[in-house]
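As the structure lists them, so they are numbered: ligands from 1, and atoms in each ligand from 1. Residues: numbered from 1 along the sequence shown.
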Amino acid sequence: MFGTDIQAEVKIAVDEIRKQWRATPEIAVVLGTGLGAFVDGLNIEAVIPYSRLPGFCTSTAIGHAGELVCGRVGETPVLVLRGRTHCYEGVSLDRVTFPVRVLEQLGVSTLLVSCAAGGLSPAFQAGNFMVIEDHVDFLLHLNSATSGRSRSFTSTPYDEELNELICNIGREQNIPLNAGTYVSVTGPNYETRAEMRFYRRIADAIGMSTAPEVALASQLGMRVCGLATITNLCNPDALAIADGEDVAKVASQTEPNFRRLVLELIRQIS
Ligand code: HPA
């Protein structure tokens, strides 16, 4: 059961945000590693550090600022989570997914989730994007009584209509987009050769986030679109060094295209 303590915490965070920003946002964006500059494409009306929001955890990961940015795309109010917390940071899944509960209570019905990911598919190149069609969740949900799947999905948690829209935008704007399956792993270590071979059999891209937030958002009735930035290749036959700094650097290089895709998607759905 979803605890009353968390419900009370959600309410406190919602009240705090409403005090600082009066709009009712229907769309929110979760920014993955290195994509923080996206907020420069908004008309920013308020910036609230996670440290000022009860229940939010300040991220210790590279490329995650840890602030809620409230603004507009044209007239449309949009909330942006500039940075997220990961399970490998030692926090429970309830904390990782807490912001999603807050977004839902603020009125958000469409969630655009982004992340950096390693490319498992041999067809991918670093700097490409992958629209997430579905995911495999290999994060251990043992430390949570509330955030896992409490009922089965009736379809993929990712919205097919939003996926089609973003793929069309990619085509129109000449931004190459692949589509595929994302696997969430605990990390923070990167994969061994044997693990790459294993994950290649079940997914096209791999990362350390996304699935828990998406699963919860979908269970709460939100439409979800997931976009992974391929920051490095996981090729078991040509091992290459990957670390957090490189991942954040490549992701930040893709940000201008990410911004074009997501701003246009927001314009089309608002
Ligand atoms: N593995 C896991 N997570 C990641 C990777 C990777 O290669 N790249 C970015 N996030």
Go through it in stages, so that I can follow the logic: the residues are L112 and L265, the test is side chain to side chain contact (heavy atoms under 4.5 Å, CB included), and I'd like the CA-CA distance, side-chain angles, deciding distance and then a yes or no. CA-CA 10 Å; L112 313 175; L265 182 65; 3.7 Å; yes
Mind checking whether Y199 and F138 have parallel, tilted or perpendicular rings, split at 30° and 60°?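 Correct class here is tilted.
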Whether Y158 and H135 hold their rings parallel, tilted or perpendicular, with breakpoints at 30° and 60°: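 The arrangement is perpendicular - the two ring planes meet at more than 60°.
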Atom pairs, nitrogen or oxygen, ligand 1 to protein, under 3.5 angstrom:
from: ligand 1; atom 1: 1 (N); to: E191; atom 2: OE1; distance (Å): 2.7
from: ligand 1; atom 1: 1 (N); to: E191; atom 2: OE2; distance (Å): 3.4
from: ligand 1; atom 1: 7 (O); to: N232; atom 2: ND2; distance (Å): 2.8
from: ligand 1; atom 1: 8 (N); to: G118; atom 2: N; distance (Å): 3.2
from: ligand 1; atom 1: 8 (N); to: N232; atom 2: OD1; distance (Å): 2.7

With side chains defined as the heavy atoms from C-beta onward, is the minimum distance between T186 and L139 less than 4.5 Å?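 Yes. Closest side-chain heavy atoms under 4.5 Å.
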Check against salt bridge (Lys or Arg N to Asp or Glu O under 4.0 Å), R259 and E264: CA-CA 8 Å; R259 193 188 302 191; E264 182 55 28; over 6 Å; no
Could you check whether S209 and R84, counting side-chain N and O atoms only, form a donor-acceptor pair closer than 3.5 Å?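 R84 vs S209: donor-acceptor pair found between side chains.
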